[in-house]
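Taking it in order: structure first as structure tokens, then the write-up.
Naming convention: chains lettered A, B, ... in sequence-line order (proteins, then strands); numbering from 1 in each chain.
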Number of protein chains: 4
Amino acid sequence: MTLAINKRKTPRQIRAQATVEAILEASAHILVDFGHGALTTNKIAERAGVSIGSLYQYFPNKEAVMTELIRHKRSRMLAAVDMALDDTRSDVFDTALDAVLASIIQLQLNWPRLALALDQAEVFLPLNDETILFKVALNGKINEVLGRQGSKVSEQTIQDVVAIAKGMIEHASLARETDEVDLRRRIMRAVIGYLGR
Amino acid sequence: MTLAINKRKTPRQIRAQATVEAILEASAHILVDFGHGALTTNKIAERAGVSIGSLYQYFPNKEAVMTELIRHKRSRMLAAVDMALDDTRSDVFDTALDAVLASIIQLQLNWPRLALALDQAEVFLPLNDETILFKVALNGKINEVLGRQGSKVSEQTIQDVVAIAKGMIEHASLARETDEVDLRRRIMRAVIGYLGR
Amino acid sequence: MTLAINKRKTPRQIRAQATVEAILEASAHILVDFGHGALTTNKIAERAGVSIGSLYQYFPNKEAVMTELIRHKRSRMLAAVDMALDDTRSDVFDTALDAVLASIIQLQLNWPRLALALDQAEVFLPLNDETILFKVALNGKINEVLGRQGSKVSEQTIQDVVAIAKGMIEHASLARETDEVDLRRRIMRAVIGYLGR
Amino acid sequence: MTLAINKRKTPRQIRAQATVEAILEASAHILVDFGHGALTTNKIAERAGVSIGSLYQYFPNKEAVMTELIRHKRSRMLAAVDMALDDTRSDVFDTALDAVLASIIQLQLNWPRLALALDQAEVFLPLNDETILFKVALNGKINEVLGRQGSKVSEQTIQDVVAIAKGMIEHASLARETDEVDLRRRIMRAVIGYLGR
DNA sequence: CATGAATGAGACTTCATTCAT
DNA sequence: AATGAATGAAGTCTCATTCAT
């Protein structure tokens with residue numbers, strides 16, 4: 001039992017992993033193509049090429065699928081921000097912020113419909129521990145970026161910066177903007193303006 | 001005309017008008033108390049103290065109830081902005097912007113749950129003519145405010161300002177902020193910063 | 001009370017009569033334009049320019065409206081047959097049959113959709129006394145026509161002749177035939193052939 | 001292909017096939033026992049000993065159940081006519097017509113109420129491709145029968161023969177006739193008389 | 001484990017009919 | 001009488017979930 005923990009995945013586990021991913025991918029596609037209202041467990045299973053019974057083998061209920069989708073999105077976002085921070089050779093504030101914004105924007109504008117759908121779904125889900133943890137983690141990273149500016153920033157400031165960026169990125173998604181560079185420039189302007197130089 | 005599109009029948013008697021209002025009020029309460037997922041026509045009718053048949057006498061379907069709710073919210077918002085602009089004796093930019101923000105914030109923080117629920121619902125509804133008209137009208141008013149600053153502003157700028165304010169207000173709603181004055185101050189800072197002096 | 005029975009209709013009665021007729025006419029139009037499935041009491045009242053309450057003033061229920069429509073159709077049919085028989089100067093069998101068929105065909109092909117709809121409705125209604133009386137009356141008249149042929153005819157023969165004519169006329173309705181003369185000729189052929197000269 | 005049009009899902013397991021048959025049988029029984037107006041999806045499912053969900057697993061809507069019933073009836077009719085034609089050793093016209101009539105009459109008088117109900121339902125359904133194909137197929141077979149008479153017959157003649165037979169058989173159904181032999185004799189008389197030797 | 005048939009609560013909606021005004 | 005607002009039983013259909021095979 002315990003011995004197996006760190007062992008390479010058995011074929012069974014590999015297949016299970018593939019099934020889970022097929023289900024998540026199918027869900028994302030349905031959200032993108034037909035919207036939230038068309039996301040039913042039967043359609044997900046069908047599109048994933050899996051039986052409905054199998055879906056319930058891996059997810060206790062429909063909400064769990066959505067939750068997992070959101071979890072993935074959050075992971076990608078945190079990872080993207082981390083990578084942006086690592087990539088940033090200089091510790092210059094502007095460069096770091098720019099890099100972080102670029103990574104987030106890219107994430108959102110890549111599949112704007114999916115991103116918007118997940119944004120919506122997030123509101124449906126109860127404000128659970130996981131959500132709080134994510135926000136704490138993200139705010140921590142943003143804090144790190146803003147810290148490079150020199151002065152200390154308050155929690156409120158961090159939240160405001162996130163709110164500003166989120167508002168502008170979501171609007172860009174809805175407006176089907178595609179010019180990521182321009183969007184980033186405008187968000188930079190808003191954030192820096194807000195921070196008051 | 002436009003108003004009648006989603007109506008099945010225009011109430012002629014006072015009683016009918018009361019029924020329509022009861023339905024809308026009940027819908028708002030359910031949204032606030034239990035959220036979007038609990039909003040069913042039967043529950044609405046029950047809470048409104050009205051038969052399900054009466055609901056369908058005045059609304060062709062469930063979506064129409066939501067639409068009407070959104071329509072009301074938009075009307076209130078435009079009216080509030082108008083009033084803010086009228087009230088502003090001076091033509092000073094800052095004062096006008098402050099007044100407009102105050103009125104909008106007040107609307108949103110008054111019933112934050114309802115406002116958030118309607119924000120969500122708005123995304124579900126297709127971007128129909130009515131939505132476009134509302135955005136044009138709102139942007140026009142914001143343009144008027146920003147114009148008092150002296151220089152001309154682009155459509156993009158207007159949209160960005162709206163996006164910034166919307167993002168910050170929605171975040172405040174979610175965070176259950178209650179200090180409207182502070183929120184307004186921070187939004188002012190972001191907007192003025194974005195506009196660049 | 002009793003004194004009034006034979007008096008000229010009062011204005012009130014005249015208005016009532018007009019309402020009843022408006023209702024029946026509206027029903028016929030709806031049947032013709034939208035079919036049986038679209039015939040609802042509210043639509044009837046609306047199209048008749050009458051309130052739903054008034055409809056129920058004159059008809060105890062929806063079925064009664066249909067029944068009255070069928071009653072009218074039957075009256076027209078019996079009257080048409082009577083007239084055809086009266087008009088026929090000669091007592092020659094062929095001429096009489098031809099005249100009767102002409103009148104019935106004309107009735108059916110005039111508003112084929114209404115006629116078909118009423119044919120259908122007839123089957124829905126229970127086989128009541130009125131229906132039996134109508135059939136007896138019609139068969140009596142057909143018997144009279146067939147009698148002019150010389151020999152006596154059985155009840156079975158009468159029914160068969162009616163069935164043949166009804167089958168052919170209904171098919172002509174469905175097939176949207178318009179050549180009444182040709183249809184009559186073919187029915188004559190079938191009936192005379194059946195009677196065996 | 002054509003068969004699948006109104007099907008939601010083709011049953012793969014024996015259990016599923018049984019469900020579909022139970023639904024159709026229940027529908028037929030309800031039509032026979034209570035008539036068209038009592039045929040509701042809930043009653044069908046209940047009588048079939050199946051959940052309402054199962055009904056909708058195999059039929060997209062209520063109309064599809066009726067359609068399938070009619071489809072079955074048509075299949076039985078075409079098969080019966082084919083068998084009658086095959087059985088008829090001699091190519092004598094009278095014998096062939098007699099055999100065909102016998103098979104059709106037998107079908108209709110077997111469950112007269114069901115047959116009548118389906119006749120009615122047929123009129124409700126739009127004259128779709130399937131209906132046209134059926135009529136063409138049936139007329140083709142009748143043409144074959146009539147052709148054995150020697151002379152060529154027109155399309156009009158075929159239709160008239162079908163209309164005569166249909167009219168008489170339906171009347172026999174309604175009149176609860178049970179003497180199939182006599183009915184066949186009378187129809188033969190009408191058809192042969194119409195054809196005029 | 002996988003499959004997919006089956007389930008059934010419950011959502012939306014219609015429409016014949018009633019009744020206060 | 002006329003009006004039309006209101007009623008609510010009942011019908012159609014969906015979809016998350018279970019369970020026998």
Side-chain angles (χ1 to χ4, degrees), chain A residues 12 15-16 19 37-46 50-65, chain B residues 8-20 37-46 49-63 65, chain C residues 12 15-16 19 37-46 50-65, chain D residues 8-20 37-46 48-65:
Chain A
R12 180 166 298 180
R15 186 139 66 103
T19 299
L39 192 76
T40 69
T41 51
N42 280 292
K43 280 229 186 73
I44 294 171
E46 185 191 328
V50 153
S51 75
I52 181 66
S54 287
L55 188 152
Y56 278 90
Q57 192 76 33
Y58 296 105
F59 296 91
N61 50 44
K62 185 184 165 180
E63 195 184 298
V65 179
Chain B
R8 174 169 280 197
K9 176 195 280 189
T10 308
R12 291 174 206 290
Q13 299 184 2
I14 310 134
R15 190 165 45 137
Q17 188 56 41
T19 297
V20 167
L39 192 75
T40 70
T41 51
N42 280 304
K43 282 228 185 71
I44 294 171
E46 189 192 358
V50 151
S51 77
I52 182 64
S54 285
L55 189 154
Y56 282 93
Q57 193 112 74
Y58 300 106
F59 298 91
N61 50 46
K62 183 184 161 179
E63 196 186 315
V65 179
Chain C
R12 176 166 300 179
R15 184 140 66 104
T19 299
L39 192 76
T40 70
T41 51
N42 280 293
K43 281 230 186 73
I44 293 171
E46 185 191 327
V50 153
S51 75
I52 181 67
S54 287
L55 188 153
Y56 279 89
Q57 192 77 34
Y58 296 106
F59 296 92
N61 51 44
K62 185 184 166 180
E63 195 183 300
V65 178
Chain D
R8 172 169 283 196
K9 175 195 281 191
T10 307
R12 291 176 208 288
Q13 299 182 2
I14 312 134
R15 193 165 43 137
Q17 188 57 41
T19 298
V20 168
L39 193 76
T40 71
T41 51
N42 279 307
K43 283 229 185 72
I44 294 171
E46 188 191 358
V50 152
S51 77
I52 182 65
S54 286
L55 189 155
Y56 281 92
Q57 193 110 68
Y58 300 106
F59 298 91
N61 51 45
K62 183 183 160 180
E63 195 186 316
V65 179

Separation of the P atoms in dC1(E) and dT21(F), to the nearest angstrom:
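Each nucleotide's P atom is 22 Å from the other's.
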Quick one: [X] [atom1] to [N] [atom2], roughly how many Å, whole number?
X: Ile44(C); N: dG4(F); atom1: CD1; atom2: C1'; answer: 17 Å
X: Gln17(B); N: dG4(F); atom1: CD; atom2: C1'; answer: 15 Å
X: Gln57(B); N: dT7(F); atom1: CD; atom2: P; answer: 10 Å
X: Lys43(D); N: dA9(F); atom1: NZ; atom2: C1'; answer: 12 Å
X: Glu63(C); N: dC15(E); atom1: CD; atom2: C1'; answer: 16 Å
X: Leu55(D); N: dA5(E); atom1: CG; atom2: C1'; answer: 14 Å
X: Phe59(B); N: dC12(E); atom1: CZ; atom2: C1'; answer: 16 Å

Would one find a side-chain N or O of [X] under 4.0 angstrom from OP1 or OP2 of [N]?
X: Thr19(B); N: dA6(F); value: yes
X: Thr41(B); N: dC12(E); value: yes
X: Ser51(A); N: dG4(E); value: no

Quick check: closest heavy atoms across [X] and [Y], and the distance to 0.1 Å?
X: Asn61(A); Y: Tyr56(A); result: CA-CE2, 3.9 Å
X: Leu39(A); Y: Lys62(A); result: O-NZ, 2.7 Å
X: Ala16(C); Y: Tyr58(C); result: CB-OH, 3.3 Å
X: Val65(A); Y: Leu55(A); result: CG2-CD2, 4.4 Å

Dot-bracket encoding of pairs in DNA chain E, which uses [ ] for pseudoknotted crossings and | for another strand, Watson-Crick or G-U under 3.5 angstrom:
.||||||||||||||||||||
Are there any protein N/O atoms within less than 3.5 Å of an N/O atom in nucleotides 18-21 of chain E, and if so, which ones and at what distance?
none

Name the nucleic acid region contacted by Thr40(C), choosing base, sugar-phosphate or nothing; use a 4.0 angstrom heavy-atom cut-off, strictly under.
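The residue Thr40(C) makes sugar-phosphate contact but no base contact.
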Would you classify Tyr58(A) as touching base, sugar-phosphate or nothing, given that sugar-phosphate means primed atoms plus P, OP1 and OP2, and contacts are heavy atoms under 4.0 Å?
sugar-phosphate
Looking only at side-chain atoms of Lys62(D), point me to the closest of dT7(E), dT17(E), dT12(F).
dT12(F)
If you pin Asn42(A) and Asn42(D) to their nearest nucleotides in DNA chain F, which one's is more 5'?
Asn42(D)
Identify, between Leu39(D) and Val50(B), the residue whose nearest nucleotide on DNA chain F lies closer to the 5' end.
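Closest to the 5' end, via its nearest nucleotide, is Val50(B).
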Give a yes or no on whether the backbone of Ser54(B) and the side-chain of Ser51(B) come within a donor-acceptor separation of less than 3.5 Å.
yes
